[in-house]
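A short worksheet on the structure shown next.
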Amino acid sequence: MSGSQSPKDFFRPLAVGAPTPLTEIPARPSRAIHFFDPSNLKMAAKIPDMVGTVDVLLGNLEDAVKADNKVAAREGLVKIATETSFGPTQLWTRINSLDSPWALDDLTTLVPAIGDKLDVIMVPKVQGAEDIHYVDRLLAQLEAKAGLTRPILVHAILETARGVANVEEICGASPRMQGLSLGPADLAADRRMKTTRVGGGHPGYLVRQDPPKNELDVTDYDAARATYQQDLWHYTIARMVDACAMHGIYPYYGPFGDIADVVACEDQFRNAFLLGCVGTWSLHPKQIAIANRVFSPSVEDVAHARRVAAAMGDGTGAVMLDGKMEDDASLKQCLVMVELAEQLAAIDPELKKAYDAIEEA
Ligand code: GLV
Ligand code: MG
């Protein structure tokens with residue numbers, strides 16, 4: 001919330017006739033945000049068939065779309081959105097950055113044309129609350145002019161050092177804030193990290209086991225020692241998760257560029273899931289399946305969570321289950337899992353079947 005504004009005004013529309021801001025961001029499943037380039041006709045043609053197979057389809061207008069194709073991408077997105085019925089699948093877009101020659105036209109074209117279909121607008125390279133305030137007011141004006149009845153939500157990509165430093169104020173800058181994604185590629189460049197990848201780890205970022213002693217009790221620095229690769233993104237994801245949780249919005253991992261390395265992709269996604277993220281980006285159809293698997297609680301976890309909930313009765317006190325102490329804090333963790341499983345089961349019939357099949361202990 002910005003300094004001089006009264007809390008009472010925070011949920012008033014920023015333009016006469018604009019829809020009333022939401023006081024709570026709906027928890028809609030968004031395990032995979034699948035990116036497509038609307039200027040790529042082959043890719044665009046596949047979109048109608050992808051409805052229902054992925055939680056979020058995102059028409060990307062920013063990086064990865066060539067400068068010469070920016071207008072075609074914008075117009076392509078309008079065409080696809082107009083002609084497609086999205087059913088339970090959310091439609092998002094990523095507009096160009098606010099300092100680019102395209103961002104203004106992105107917003108002034110998309111909102112009147114397809115504002116009723118757009119659930120979330122992803123804003124890249126967000127630096128601070130001022131970027132969100134700018135988009136917030138402009139969206140309100142455009143929504144009012146277009147007669148929209150539902151506010152379009154805003155999602156910021158955390159991909160500049162200043163953005164990370166301001167992460168809490170970004171999350172709290174507007175009731176439109178739906179969530180944050182990590183942008184590891186731009187963030188690495190902006191921070192002057194010495195990597196050349198789009199997300200994922202790096203073999204040089206590691207810790208090494210201490211040197212052992214030899215038979216003479218002398219430290220043997222030449223002995224073989226195990227090394228363990230560390231997660232370059234742990235700090236940023238952890239900050240992002242706290243900032244989002246504090247403001248009741250949702251954190252996401254971001255792009256994993258090595259499409260062929262499905263194993264490391266799954267690991268990176270799972271780390272984010274375990275730390276509190278609700279989803280990730282998909283840059284290739286095969287990453288959708290990975291994301292759906294990783295960001296859905298496992299049958300084993302749901303079974304355990306339900307068992308703890310049943311054993312804890314009214315939720316107070318403590319019980320022993322399989323030699324482990326459970327109390328209201330572990331119950332709360334289990335309820336996060338149970339609630340997420342229920343939300344996902346409501347939109348994913350296969351998961352519903354798997355969760356329904358769990359035998360109550
Ligand atoms: C995503 O936009 C990134 O820069 O990683
Ligand atoms: Mg980026």
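One-based numbering along the sequence shown. Just follow the structure's listing: the first ligand is 1, and inside any ligand the first atom is 1.
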Task: ring-ring contact (aromatic ring centres under 6.0 Å, His included) between Y252 and H155, intermediate numbers included - done: CA-CA 10 Å; Y252 298 76; H155 179 111; 5.2 Å; yes
Decide yes or no on salt bridge (Lys or Arg N to Asp or Glu O under 4.0 Å) for E326 and K332, but give the supporting numbers first.
CA-CA 10 Å; E326 308 287 351; K332 281 180 194 149; over 6 Å; no
For this session: Start with the C-alpha gap between D63 and K125, add the side-chain angles, then the distance that decides, and say whether side-chain contact (heavy atoms from CB on, under 4.5 Å) holds.
Result: CA-CA 11 Å; D63 293 355; K125 301 180 177 77; 2.9 Å; yes
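With respect to the Mg ion (ligand 2), E159 has OE1 as its nearest N, O or S atom. D186 has its closest N, O or S atom to the Mg ion (ligand 2) at the position named OD2.
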Distances only, to 0.1 Å: what are the N or O pairs between ligand 1 and the protein that fall under 3.5 Å?
unit_1   : atom_1 : unit_2 : atom_2 : d
ligand 1 : 2 (O)  : R94    : NH1    : 3.0
ligand 1 : 2 (O)  : E159   : OE1    : 3.1
ligand 1 : 4 (O)  : E159   : OE1    : 2.9
ligand 1 : 4 (O)  : D186   : N      : 2.8
ligand 1 : 4 (O)  : D186   : OD2    : 3.0
ligand 1 : 5 (O)  : P184   : N      : 3.1
ligand 1 : 5 (O)  : A185   : N      : 2.8

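Taking every heavy atom of both residues into account, L275 and H234 meet most closely at CD1-ND1, 3.7 Å.
F35 and W281 have their aromatic ring centers within a separation under 6.0 angstrom.
Here the CG-CD distance, from D348 to E350, works out to 6.5 Å after rounding to the nearest 0.5 Å.
Salt-bridge annotation for D190 and R162: absent, with no side-chain N of the basic residue lying under 4.0 Å from a carboxylate O of the acidic one.
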